[in-house]
Amino acid sequence: MIRNQLQVSSNIDANAERLFTGILLDLEANDYSRVTEDLQKLRSEFAGIMVPVASHQQIEASLLADFLTQHLSETSPLLSETPVSDDTIVETAGFELWRLLLTNRTSPETLLSIGDRQWKDGEISTAKKCWRIARAETADFLPVQQRVAPNIFSDLIKREIVAAMLTGHFREATSKLQRLQNVSPDVAGRVGGEEGNLAELLKQQMQSLRQAPSEAFLRLDKLMPNESVRFSFEKQGWSVEMARGASQRKVVRPIIWNDFLLLHDANGLRALNKATGQSAWPVDENDDGFLFETTAERPESDQSLMAIARGALHEDTLYICTGHSGSANDGMLTPAEKSRVSAFNLQAEGRLDWTVAADSLPGFGPDRQLLFTGSPVIVQDQLLLPVRSLSPGSQLQIACLNQADGSVRWIRDIAANLQVPDARAASFDDHIIRSEGCLLWLIDGETLCCIHERTGQVQWISGIDPASRITSPGFSGERSCFASEGVVYCATRNGVAAFDLYSGSLLWEQFLAEPPQNVLGLNDGLLVLSTPGLMALDCFTGRVEWKLSAPKLSSNFNRAELIGRTVLWPRSSEIWTLDVQTGRLIQRDQYQKLTGQQAHGLMLSGKTLYIDGGDRFSAIEVNTSRLQGPR
């Protein structure tokens, strides 16, 4: 097996190939000290280089070194690693737990017992994480002998099913129960003091729990998954004009800080009082409260996303990216159009603390016009940003800046062998999310990249053959990914795909006639998507559970919001409220007749519904109530 793994992996580049060949020769000569040295070189010198392990998947070279170390340690004690204590496992993020399993520094049995202890202590999330990751080591590139035994698998999935039932997630419990019946149909066990067929006992337990009142379930979320939200309009609080500019097909979402609302449009970013809509920090009576303003005149032919603030709020500082995010027709940017990231001190009435232009990043030639193409991601005291170039055949980078002053800590090349579209002919909206110590970047709707958030090293790449060229630029990445319970759900160009967070393995893929636009989120086993209409998929299989078509809607300008078990869906003249589990229409409000405006996007905050109406932005006071839904 080791020989096969080395031979499959020997096509990284010439230097790596020589290193792999050397390891293979040293193994044949039983020279384990040399093997140890070469594996260390593999970890250090080839960090970030991707190694193919399956037709659709790659993994970082240093992880392969860990993988080989684990198998060789059975032969040579020189390669064995120090076991990890229980306390270390509990404190470790999810992705690092998977690393521990991969290197055999812990076992599924150990994680099972640690999860049990955490459950008894009330640490439900940690318990579920331990059980899930112990079961997740059945990744397809691991040898059979390293996968969990059937009895351990049954014990792990039984715990996950019980946890789902006790928290009111019955669809999730049902799907996992079906998997247990498919994999281990005859396994015996104990549930609730009774012994017998494990699947039958769990099914009986679920039927009993379904009759329990909502108070009987453990509350993990602010809204129980079996509750829907209904709201009624009270009155319109305020309404302000908006300049759409190049963002005319993008829904604007405000950022809320204390009693203020930060609103961006084609003119810039301004701070408004949440209660009145008035400028928060006017310098004089003619000041509209802009933290920054953009160029007044722009050619109509230039469709680039100019000065649409994509921001990240941390404590009292707002970090935003402004300027071009792509599609410069002549391939050149004027100083006013430069892509930059800035820090605004909100306690000091929006004072600019620092700003960094993308072109000033070190390590690039003077002719490289760089772009920040997504919102800053905050990880402790650092900002992480996706970077692209206007140069043909540009590569992708992650830049890490210091929050305090914008100084550059490091820049990592992301998948140097992945070809990307010419940035001069496309507009990009890269959306990077965090999950369990990783950054997840869906690149152009075709390739999912997992990056370690502290080091910037690429852990794995999945989705397409990295040698193939992406030929359909312009994919909107906003809210294109969603991660939960060790699974990453992606709205791709062809439909929806689900990947294992820890290995990058493709779990399922669903092709859709209508391309998905946004992943709204999960509710009790259902993945809710915004297309030109709405749809819900079973998150374990990808099967379509229900869908609503809206052929007359513009493709990118009506965006729904998932709140608990409810979807609020703006439909220009109306706002629909839908039940997630059934797709049933709960209420239908004639928004345009009530307010004289349209609704393209919305955001509910407390008892205020903020509406993007195209040329106006409004705050509507509402009265919300929760409805008990059928389980």
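On a predicted model such as this, the values are computed, not experimentally measured, just so you know.
For the pair L318 and L269, the minimum side-chain heavy-atom distance is below 4.5 Å. Contact annotation: the side chain of C450 never approaches that of F499 to less than 4.5 Å [non-hydrogen atoms, C-beta and beyond]. Using a 4.5 Å heavy-atom cutoff, the side chains of R565 and D579 are in contact. Looking at W546 and L526, their side chains come closer than 4.5 Å, going by heavy atoms from C-beta outward. Side-chain contact between L385 and C321 is present, with heavy atoms from C-beta onward closer than 4.5 Å. In this structure, K158 and L202 have side chains that are in contact, with non-hydrogen atoms separated by less than 4.5 Å. In this structure the side chain of F233 reaches within 4.5 angstrom of the side chain of L609, judged on heavy atoms. You'll find the side chain of I611 stays beyond 4.5 Å of the side chain of Q597, heavy atoms only.
Considering every non-hydrogen atom in both R616 and S239, the closest pair reads NE-OG, 2.7 Å. Nearest heavy-atom pair, P185 versus N182, reported as atom, atom and distance to 0.1 Å: CD-O, 4.2 Å. What you find for A312 and I378 is that their closest heavy atoms are CB-CD1, 3.9 Å. Pairing each heavy atom of V496 with each of P516, the nearest pair is CG2-CG, 4.3 Å. Between A173 and M206 the shortest heavy-atom distance is CB-CE, 3.7 Å. Between I443 and C449, the shortest heavy-atom contact is CD1-CB, 4.1 Å.
In summary, the side chains of S505 and D500 do not present any donor paired with an acceptor at a separation below 3.5 Å, with no hydrogens or angles considered. Checking W508 against Q510 by side-chain atom types alone, no donor-acceptor pair falls below 3.5 Å.
For the pair S184 (side chain) and L180 (backbone), a donor-acceptor distance under 3.5 Å is absent. Side-chain atoms of S339 come within 3.5 Å of backbone atoms of F372 as a donor-acceptor pair (strictly under, hydrogens ignored).
Partners of T577 by side-chain contact (heavy atoms from CB on, under 4.5 Å), not counting sequence neighbours, listed by chain and number: F231, T566, L568, I586, Q587. Under the salt bridge (charged side-chain N to carboxylate O under 4.0 Å, His left out) criterion, E96 pairs with R99, sequence neighbours left out. For N623, there are no side chain to side chain donor-acceptor pair (under 3.5 Å) partners two or more places apart in sequence or in a different chain. Scanning for salt bridge (charged side-chain N to carboxylate O under 4.0 Å, His left out) contacts around K203 gives an empty result, with sequence neighbours left out. With sequence neighbours left out, E545 forms a salt bridge (charged side-chain N to carboxylate O under 4.0 Å, His left out) with R171, R543. Every residue was checked against the salt bridge (charged side-chain N to carboxylate O under 4.0 Å, His left out) condition with E234, not counting sequence neighbours, and none meets it.
Note that CG of N523 is 7.0 Å distant from NE2 of H169, once rounded to the nearest 0.5 Å. Considering CG of D430 and OG1 of T373, their distance stands at 3.5 Å, rounded to 0.5 Å. Separation of atoms CG (D524) and CD (Q581) is listed at 5.0 Å; rounding is to 0.5 Å. Once rounded to the nearest 0.5 Å, the distance linking CG of L166 with CD1 of I124 reads 8.5 Å. A distance of 15.5 Å separates SG of C481 from CZ of R434, quoted to the nearest 0.5 Å. L512 CG to T492 OG1: the interatomic distance, rounded to the nearest 0.5 Å, is 8.0 Å.
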* To do: Report the C-alpha separation of Y489 and L529 in whole Å, then their side-chain angles, then the decisive distance to 0.1 Å, and conclude whether the side chain to side chain contact (heavy atoms under 4.5 Å, CB included) test is met.
  => CA-CA 10 Å; Y489 305 94; L529 304 171; over 6 Å; no
* Please lay out, stage by stage, how L262 and I320 fare under the test side chain to side chain contact (heavy atoms under 4.5 Å, CB included). => CA-CA 11 Å; L262 304 168; I320 59 173; over 6 Å; no
* **Candidate pair I620 and Y591, rule side chain to side chain contact (heavy atoms under 4.5 Å, CB included), full reasoning** => CA-CA 11 Å; I620 310 294; Y591 179 76; 4.2 Å; yes
* Asked: Could you walk me through whether W569 and I575 pass the side chain to side chain contact (heavy atoms under 4.5 Å, CB included) check?
  -> CA-CA 6 Å; W569 188 18; I575 296 178; over 6 Å; no
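Note: Y610 and W238 have tilted aromatic rings, judged against thresholds of 30 and 60 degrees for the angle between ring planes.
Considering R132, K176, R135, K129 as possible partners of E485, the one that fulfils the salt bridge (charged side-chain N to carboxylate O under 4.0 Å, His left out) test is R132.
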